[in-house]
Amino acid sequence: MTGRDAARLSFPQEVHGRVEYKDYYKVMGVERDASQEEIKRAYRKLARKYHPDVSKEPDAETRFQEVQEAYAVLKDPEKRTAYDQLGSGWREGQDFRPPPGWGADRGFQYSGNVSEEDARAFSDFFEELFGGGRARGHRTGAGGFGGFGADFGGAGARGFGEGAFHGRGQDHVARVEVPLEIAHTGGQQRITLPAQDGGESRSLNVRIPAGVTDGQHIRLSGQGGAGVGRGGKGDLYLEIRLKPHPVFRVEGRDVHVDLPIAPWEAALGESVKVPTLGGEVETRIRAGAKSGQRMRLKGRGLSGSPAGDQYLHLKIVAPEPRDDRQRKLYEEMRDAFDFDPRAELRRRTA
Amino acid sequence: MSRETWIATPLDAEGPLSLGEICRACGLQADYVIDMVQVGVVEPIEGRHPADWRFHPHAIVRVRRALRLRRDLAVDLGGAALVLDLIEEVRELRQRVRVLEGDPLQRG
């Protein structure tokens, strides 16, 4: 037995834990006998749909990674043949163990045959079949920032022809969902970064500064880490996503709130308490206010320099009459007002 | 698991960046960023010559997005510039829609 054989045979023993079978054809939505052209088309379509930079799907990042893994296998005739030889009897998610002697007698070595492009946080199943990353030193990325922070270092050195960035598999989009209250006042937020570079997902405590807005990017810099500087490669960029709030709707730094008011408040004017991000404030509804009117509370929006404004969208809400007296009051109003709420509508359609 | 706390700085809050700083932050060589300027992926906010260029820090986001789009969707840099503009426009429009849709509670 040669040394190479020994290495191959020991391969399965390196595996610990459960490995789930991946149905790459299902991921790509193609038949098992799909042509390379069909696979490529399917990939392009799915990549456009799930690319984290353009997708609005909530699970875009995960889906995109699955698609990339499936494509890495199916686009490569050698890998696809190997995968096909597992047979079609497997179900997605089924416990998987490679057949005995996997990788032998095929005339090529799987391990070492995996480009860095393929190594973007692919599944254990992929690792099991094609080896690759897990054995590489840099994947263990012990601790701190190194593992995912070093991501942008490599590419520059490789020149700029087509494919120059294929080694940048680790450059993922990272987003952090921040509750509006924390965006307003600043505060600690525990965030989980998706698995990158084949490592585990990891969570960090991040101090979010006051006044971040939706879609804004923040830079995380390691504390005292060597080589970490302004825009240095030890930095990590995150996109802020504001968690939808049940009351406040945010546009830029402006905050919008629907403010229900009673018909008599609208007619006669009234001082009302309204919620803002900074707590309740009192404001005056002017007599004669109309439904749909907007009132602006300057500087009461999301903090920042300058702070945003809060807009109140007035909404006149009429109570339902519950007894005879209340019904009578409505009847009196009807008779006392010579009011046609649809007069304007008619005038405009005439 | 790290116990320490990372400090986040909003990119917009930082001062303008030079070409060299963009290159370092994105792991790119200057020529490539200059190509990106030619096709409108990023635009300097001041400076007539590359050595004097200053970029809004948001340029880092655009450059890195452009790289990912090129890598994953096979668009060229000009296409990436267009996609970037559209991504930003769609984001603004989505915010607008959320505002106009009204009270999230009453929407159900």
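So that the names make sense, note that chain A is the first sequence line, chain B the second, and so on, each numbered from 1.
- Enclosure of atom CD in B:E43 is not indicated, since only 12 or fewer non-hydrogen atoms of other residues, nucleotides or ligands lie within 6.0 angstrom.
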Decide side-chain contact (heavy atoms from CB on, under 4.5 Å) for B:V61 and A:Y237; before the verdict, give the C-alpha distance in whole Å, the side-chain angles of both, and the deciding distance to 0.1 Å. CA-CA 8 Å; B:V61 173; A:Y237 297 87; 5.6 Å; no

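- Ion pair B:E101/A:R249 not flagged as a salt bridge, since none of the NZ, NE, NH1 or NH2 atoms sits closer than 4.0 Å to an Asp/Glu carboxylate oxygen.
- The minimum heavy-atom distance between A:G252 and B:Q95, with the atom names listed, is N-OE1, 2.9 Å.
- B:I87 touches chain A through its side chain: at least one heavy atom from C-beta onward sits under 4.5 Å away, while N, CA, C and O do not.
- For B:V83, the part sitting under 4.5 Å from any heavy atom of chain A is the side chain, from C-beta outward, and nothing else.
- When each of A:I208, A:D254, A:V250, A:V176 is checked for heavy-atom pairs under 4.5 Å with chain B, A:V250 comes out on top.
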Applying side-chain contact (heavy atoms from CB on, under 4.5 Å), run through B:L86 and A:V54 and close with a yes or a no. CA-CA 9 Å; B:L86 293 176; A:V54 296; over 6 Å; no

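- For B:R96, the parts sitting under 4.5 Å from any heavy atom of chain A are the backbone and the side chain alike.
- For the residue pair A:H217 and B:D12, the shortest heavy atom distance occurs at O-OD1, 4.2 Å.
- Across all non-hydrogen atoms, the minimal contact from B:D72 to A:Q68 is OD1-NE2, 3.4 Å.
- Heavy atoms of other residues, nucleotides or ligands lying less than 6.0 angstrom from CZ of B:R62 number more than 12.
- The pair A:E239-B:R91 does not count as a salt bridge, with every side-chain nitrogen at least 4.0 angstrom from each carboxylate oxygen.
- With respect to the salt-bridge test (charged N to carboxylate O, under 4.0 angstrom), the residues A:D214 and B:R98 qualify.
- For the set A:Q189, A:H313, A:R48, A:K56, the count of heavy-atom pairs under 4.5 angstrom toward chain B peaks at A:K56.
- In this structure, A:E320 places its CD atom where only 12 or fewer heavy-atom neighbours from other residues, nucleotides or ligands lie under 6.0 Å away.
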